[in-house]
Amino acid sequence: MSFAVRTWDGMSSRARLLAIFIPAAIVAAVVTVLAIVLLGPPFLDFLGANMPLVRFVVAAVAILLLTVPTAFVLIYLELKVIARMNLRVGPNRIGPWGAAMSVIHGLKVLSKEDFAPTGTDVTVFTLAPVVTYMASVMSLLVIPFAPGLFGQDFNIGLLFFFSMGGLTVVGLLMAGWSSFNKYSLLGGLRSAAQIISYEIPLTLSVVGVIILAGSMSMNRIVLAQSGSVLDWFVFKQPLAALIFFIAATAEANRTPFDMTEADSEIVAGFATEYSGMRFGFFFFAEYVNVFIVSALTATIFFGGWTAPFNWPWAYNLNWFHPLSIGILGWVLIVANVVLIGTVLFAIAARLIGGREWGLWDAMGLGFLFLLVAVAGLVGTAGFIAFDWVAGLVWFMAKTYFFVITFVWMRATLPRVRVDQLMGFAWKWLLPASLLNLFVTAAAVIITTPGGAR
Amino acid sequence: MSFVPGLGIAKGMALTMRRFFAPKATIQYPETAPDIAVRFRGRLQLLYDELGNVKCETCFQCAMACPVECIDMGGFDTIGRFHVHWGAAEQYAERREKSALRKSGRPVPDPAYTHFDAIDTAPIDAILEKYDWDQAQMLAILAAIQDVYGYLPVAALKKVSQVSGAPYALIYGRATYYSHLRFEKPDHTVAVCRCTACLMAGASRIARSLGGALGTEIGQPPAGGVALEQLPAHIPGAASPLVTLDGTPQPRLTATAAAALGRTLAGGPVA
């Protein structure tokens with residue numbers, strides 16, 4: 001027996017772990033440093049040479065990562081808002097005000113068995129939720145969140161969006177077909193029929209906006225609405241906005257058009273055979289779709305990231321600009337405000353509340369309070385200093401207004417019958433959107449000096 | 001007001017939005033305990049219907065279903081005449097009563113059995129043996145018991161329940177369901193023969209007028225202590241139409257005389 005073997009046998013399990021971990025960490029650190037030194041400059045050169053590509057990859061990854069918290073927030077909003085509208089309290093046990101509820105839901109779904117029933121076409125069965133989810137994520141790429149903050153500014157942005165919306169249908173059909181279940185197949189076909197039917201008025205209603213804006217690029221459409229509230233397309237195209245909102249509700253499979261997976265019915269449509277995270281992906285996709293549709297409504301008809309009115313005082317702050325004190329200055333201010341504020345809060349709480357307040361309770365509460373206050377301060381500074389922060393705030397405010405409207409509708413409206421659903425699309429929405437398109441085009445021709453080309 | 005498209009949707013949305021800000025109905029249970037008396041154990045009372053009658057039919061189903069057999073029921077049957085009882089006699093109140101009795105030195109009655117007349121149960125054993133103690137034959141068993149005693153003594157039903165193993169509630173329910181089974185020994189039994197000869201002689205008319213006078217019918221429970229029955233067979237040599245009172249053939253009756261007999265038996269004025 002060699003010395004090494006005897007030493008190894010004599011060690012405890014913790015010592016063995018350390019004996020492996022410490023040399024590995026040293027080696028890893030050395031390798032990392034060497035890699036940065038040797039490979040870093042050429043890599044950075046490569047990145048710099050391919051800046052658009054890098055930008056796109058970063059944006060795509062960021063948007064992919066954005067969808068997860070978005071879906072969590074939307075699910076939580078839905079639980080909470082519908083609960084309040086039902087005179088209930090809603091989730092309130094996990095996290096502050098139950099806010100971690102949807103995250104726990106997600107973890108639960110993740111921990112479930114990834115199950116494919118006998119007879120399914122496993123490849124298609126597995127790919128279907130991915131296709132649906134990716135279609136939603138791809139749609140997010142063209143949405144301008146703020147000036148300069150978008151995945152990609154296509155000149156055919158809207159067209160890209162609608163084509164990606166059409167891809168959702170493929171995912172649903174794949175799910176219905178591969179499930180080896182007649183109910184799933186029927187559900188998939190039903191939802192495909194619904195989504196395709198509503199895609200037509202959805203697209204036609206936007207054509208009027210495209211004519212007015214003169215572009216299919218989302219950024220151009222937003223810029224065409226910049227100015228005041230009255231420049232929003234919802235006032236120039238009210239009928240189109242209404243049709244778009246109704247058709248978008250059907251596109252996102254939301255009540256009252258949630259025939260696709262009517263959750264109060266026994267058979268869950270195309271998702272009947274799905275369980276675990278595959279099912280979870282469908283529902284993530286649904287909530288991401290709600291966000292997308294709300295964002296699109298806000299972008300096309302409600303001015304996107306533009307402020308509803310001008311802020312004459314915000315952008316003309318000559319006496320103070322947030323960036324003038326530098327990053328270090330902000331860090332010092334924030335740190336000191338939090339520290340001193342916490343202590344002051346604790347002292348005040350002890351003075352007022354007396355023995356009722358434990359010292360650490362008061363300190364913790366003060367810290368939280370100050371954290372919120374400082375976050376508000378920094379946010380306000382950003383709002384004033386950077387127009388993308390202001391744009392993001394306006395965009396999110398408008399988007400979440402529509403998200404809550406969708407939830408509100410779900411809490412209120414009963415589900416429509418299938419034939420009413422299809423009849424409404426073809427007999428009312430389609431003629432109305434054609435009429436809107438015709439009137440818009442005629443108005444543009446009449447008002448354009450010298451006639452439209 | 002004419003139809004306004006979307007008005008219903010607007011009304012509904014307004015309602016849900018009002019509800020959003022309305023006070024919530026949820027009681028956060030472990031933190032907020034509802035205001036309940038310490039010894040409250042649920043609703044321990046019998047409910048009354050809109051006419052003020054007790055809804056409980058003393059069917060014993062609750063007592064049967066009770067997993068810990070803590071329900072002890074005593075009450076009157078649906079007709080309201082007979083005391084019925086479920087469960088061990090030694091419930092709290094009775095036990096206390098009994099111990100008080102013991103201390104008093106007087107003889108201790110058994111409260112569960114004092115309400116019934118003691119009966120000779122030998123015929124019941126024979127009947128049950130004939131039907132092989134089969135619960136599925138309960139209707140036939142009950143009919144046989146009624147043939148022997150003239151009615152269904154509660155003690156007999158208890159005996160059947162004990163011996164055959166059928167739940168008392170089921171036996172009791174069946175006995176109350178069929179109208180030809182009765183729990184009361186009628187003071188008088190009027191029987192009308194309905195053989196062909198008697199029918200030709202007007203037995204139907206006589207049965208109708210008897211029933212009208214007595215307030216009952218053939219096949220129905222007795223009224224006023226008088227049961228109206230059909231004679232199983234014509235008594236040889238008796239004249240048609242044949243009517244028996246407590247087994248004694250009556251002289252030939254007309255419908256009017258039959259009604260007078262019925263009114264006499266029912267205790268009304270004799271016309």
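Quick note on labels: first sequence line is chain A, next is B, and so on, each numbered from 1.
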- prompt: Are any of the side-chain heavy atoms of A:Phe235 and A:Val229 separated by less than 4.5 Å?
  reply: yes
task: Evaluate the side-chain proximity of B:Phe183 to B:Leu157: yes if any heavy-atom separation is below 4.5 Å, no if none is.
output: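 Sidechains of B:Phe183 and B:Leu157: in contact.
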task: Take A:Leu368 and A:Val372 through the side chain to side chain contact (heavy atoms under 4.5 Å, CB included) test and state the conclusion after the steps.
output: CA-CA 6 Å; A:Leu368 279 180; A:Val372 172; 5.7 Å; no
- prompt: Are A:Phe302 and A:Phe233 an aromatic pair by the rule of ring centers under 6.0 Å?
  reply: no
- request: Might you work through the ring pair (Phe, Tyr, Trp, His ring centres under 6.0 Å) test for A:Phe284 and A:Phe72, ending with a clear yes or no?
  value: CA-CA 8 Å; A:Phe284 263 45; A:Phe72 282 149; 5.4 Å; yes
At a cut-off of 3.5 Å, what donor and acceptor atoms pair up between chain B and chain A?
from    : atom 1 : to       : atom 2 : distance (Å)
B:Met13 : O      : A:Trp408 : NE1    : 3.0
B:Thr16 : OG1    : A:Trp408 : NE1    : 3.0
B:Thr16 : OG1    : A:Thr412 : OG1    : 2.7
B:Phe20 : O      : A:Arg84  : NE     : 3.2
B:Phe20 : O      : A:Arg84  : NH2    : 3.1
B:Ala25 : N      : A:Leu87  : O      : 3.0
B:Thr26 : OG1    : A:Val89  : N      : 3.4
B:Gln28 : OE1    : A:Asn92  : ND2    : 3.2
B:Gln28 : OE1    : A:Arg93  : NH2    : 2.5
B:Glu31 : OE1    : A:Arg93  : NH2    : 3.2
B:Glu31 : OE2    : A:Arg93  : NH1    : 3.3

- request: Quick one: pull up CH2 in B:Trp133 and CG in B:Asp125 and give me the separation to the nearest 0.5 Å.
  value: 8.5 Å
